[in-house]
Amino acid sequence: MKILLIEDDSETANYIARGFREQGHVCDVLGDGKQGLAQALAGGYEVIIVDRMLPRLEGLPLVRALRSAQVTTPIIFLTAIGDVDDRVAGLEAGGDDYLVKPFAFSELAARVQALTRRAPGFAEDAVLRVADLELDRLRHRVTRAGRPIDLQPREFRLLEYLMRNADRIVTRTMLLEHVWGLRFDPKTSVVETHISRLRAKIDKPFSTPLLHTERNLGYTLHAPD
């Protein structure tokens with residue numbers, strides 16, 4: 001899952017981002033309302049988490065602008081402003097949920113999952129399939145030929161991204177951005193290491209490989225011809 005967090009308190013932002021990344025999600029963080037609006041308008045997120053009090057553009061007008069632009073991505077307000085009237089204002093502005101600080105990360109994560117389950121189109125790709133390989137996003141389960149495959153959270157996210165882009169070449173840069181949330185090359189073998197681990201789990205025990213290295217280009221996941 002790819003999440004946009006618009007939060008200007010660095011301690012809170014780091015706490016939330018770390019929690020989601022440990023679950024294998026991508027969490028982009030911006031601390032400025034105008035930058036957050038531009039990033040949200042660019043699309044590509046499954047959930048947006050917005051603080052009410054932000055520099056340059058506050059949360060309410062930010063969300064109103066998104067809804068006026070026909071952005072339908074689920075939005076959660078996360079704020080210390082918790083009066084009933086404030087909650088109503090947030091929902092009327094276009095928010096789908098409203099969580100008051102202080103909060104437990106487990107509750108935030110559960111609300112994010114609930115929103116994505118209700119989001120349009122979620123059911124259509126809740127289960128991804130390539131040949132006899134199946135990934136169930138709701139149950140966080142992977143099987144091949146009916147046999148369960150145990151993946152770490154980052155391996156699960158990597159496989160999910162490859163399956164969403166089945167039959168296409170996925171570059172190292174694309175993986176760093178969408179799976180690790182990095183917009184720079186850390187000059188390490190993190191991608192290659194995870195690809196190797198993933199291949200050992202989804203291909204090596206089976207007769208037909210699905211994950212292929214495209215020399216000097218990247219990787220593809222596809223069914224045999």
Side-chain angles (χ1 to χ4, degrees), residues 1-122 137 153-154 157 160-161 164 173-174 176-184:
M1 186 187 306
K2 193 171 182 182
I3 300 163
L4 176 61
L5 172 61
I6 309 173
E7 166 66 64
D8 65 326
D9 182 80
S10 59
E11 185 175 347
T12 300
N14 290 335
Y15 168 68
I16 295 171
R18 182 171 63 251
F20 282 121
R21 288 164 184 164
E22 287 174 352
Q23 292 183 344
H25 305 305
V26 171
C27 185
D28 293 339
V29 180
L30 289 170
D32 178 287
K34 284 194 174 182
Q35 290 180 346
L37 175 60
Q39 188 80 355
L41 288 171
Y45 294 97
E46 291 162 87
V47 175
I48 301 170
I49 302 170
V50 182
D51 189 8
R52 279 282 300 266
M53 304 301 291
L54 292 166
R56 297 216 297 162
L57 180 65
E58 293 187 353
L60 287 181
L62 187 159
V63 171
R64 290 193 191 102
L66 289 175
R67 296 313 189 207
S68 295
Q70 307 302 312
V71 174
T72 59
T73 306
I75 297 173
I76 299 178
F77 277 107
L78 182 64
T79 175
I81 305 174
D83 291 344
V84 172
D85 289 345
D86 293 313
R87 296 185 191 210
V88 171
L91 297 174
E92 289 182 343
D96 298 280
D97 201 352
Y98 200 106
L99 184 60
V100 178
K101 301 175 183 176
F103 63 96
F105 175 77
S106 58
E107 182 179 2
L108 176 60
R111 290 180 182 231
V112 165
Q113 289 292 341
L115 282 181
T116 55
R117 283 198 294 271
R118 296 202 301 265
F122 180 87
R137 298 178 65 226
R154 188 72 66 182
R157 174 63 185 166
E160 179 184 352
Y161 186 74
R164 286 188 177 280
T173 299
M174 292 166 66
L176 285 171
E177 179 174 349
H178 293 281
V179 179
W180 278 268
L182 299 175
R183 287 181 170 79
F184 64 93

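Predicted, not measured: the structure shown is a model, and the values here were computed from it.
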*Could you walk me through whether Leu108 and Ile16 pass the side chain to side chain contact (heavy atoms under 4.5 Å, CB included) check?*
CA-CA 9 Å; Leu108 176 60; Ile16 295 171; 3.9 Å; yes

*Give the intermediate values and the outcome of side chain to side chain donor-acceptor pair (under 3.5 Å) for residues Arg111 and Tyr98.*
CA-CA 9 Å; Arg111 290 180 182 231; Tyr98 200 106; over 6 Å; no

*Thr12/Phe103 under side chain to side chain contact (heavy atoms under 4.5 Å, CB included): CA gap, chis, key distance, verdict*: CA-CA 10 Å; Thr12 300; Phe103 63 96; 4.3 Å; yes

*Evaluate the criterion salt bridge (Lys or Arg N to Asp or Glu O under 4.0 Å) for residue pair Lys101 and Glu7; output intermediate values, then yes/no.*
CA-CA 12 Å; Lys101 301 175 183 176; Glu7 166 66 64; 2.9 Å; yes

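Contact detail for Val63 and Gly95: the closest heavy-atom pair is CG1-N, 3.9 Å. Counting all heavy atoms, side chain and backbone alike, Gly31 lies closest to Asp8 at O-CB, 3.3 Å. Between Ala40 and Ile48, the shortest heavy-atom distance links the atoms CB-CD1, 3.8 Å.
At least one side-chain heavy atom of Asp97 sits less than 4.5 Å from a side-chain heavy atom of Leu115. Residues Tyr15 and Asp9 fail the side-chain proximity criterion, which asks for heavy atoms closer than 4.5 Å. Inter-residue side-chain proximity for Tyr161 and Met174 is flagged as met; some heavy-atom pair is nearer than 4.5 Å. Counting heavy atoms from C-beta on, the side chains of Leu66 and Leu37 come closer than 4.5 Å. Contact of the Arg56 side chain with the Gln35 side chain is registered, since non-hydrogen atoms from C-beta on lie closer than 4.5 Å. Val112 is listed as a side-chain neighbour of Met1, based on a closest heavy-atom distance under 4.5 Å. Between Gln23 and Pro153, every side-chain heavy-atom pair lies at or beyond the 4.5 Å cut-off. No side-chain heavy atom of Ile6 sits less than 4.5 Å from a side-chain heavy atom of Asp51.
The structure places SG of Cys27 at 5.5 Å from CD1 of Ile3, a figure rounded to the nearest 0.5 Å. Distance check, rounded to the nearest 0.5 Å: NE2 of His25 to CZ of Arg154 gives 10.5 Å. Taken to the nearest 0.5 Å, the CG atom of Leu62 stands 8.0 Å off from the CZ atom of Phe77. Interatomic distance, OG1 of Thr79 versus CG of Leu60, reported as 9.0 Å (0.5 Å rounding). To the nearest 0.5 Å, the span separating CG on Leu41 from OG1 on Thr73 amounts to 9.5 Å. Here the straight-line distance linking atom CZ of Arg21 with atom CH2 of Trp180 works out to 13.5 Å at 0.5 Å rounding.
Remark: Asp96 engages Arg67 in a salt bridge, criterion side-chain N to carboxylate O under 4.0 Å.
Put simply, the side chain of Asp32 gets close to the backbone of Lys34: a donor and an acceptor are under 3.5 Å apart. A donor-acceptor pair under 3.5 Å is absent between the side-chain atoms of Arg18 and the main chain of Ala13, judged by distance alone. Of the possible polar contacts, none joining the Glu58 side chain to the Met53 backbone as a donor-acceptor pair under 3.5 Å is found.
Checking Asp28 against Tyr45 by side-chain atom types alone, a donor-acceptor pair falls below 3.5 Å.
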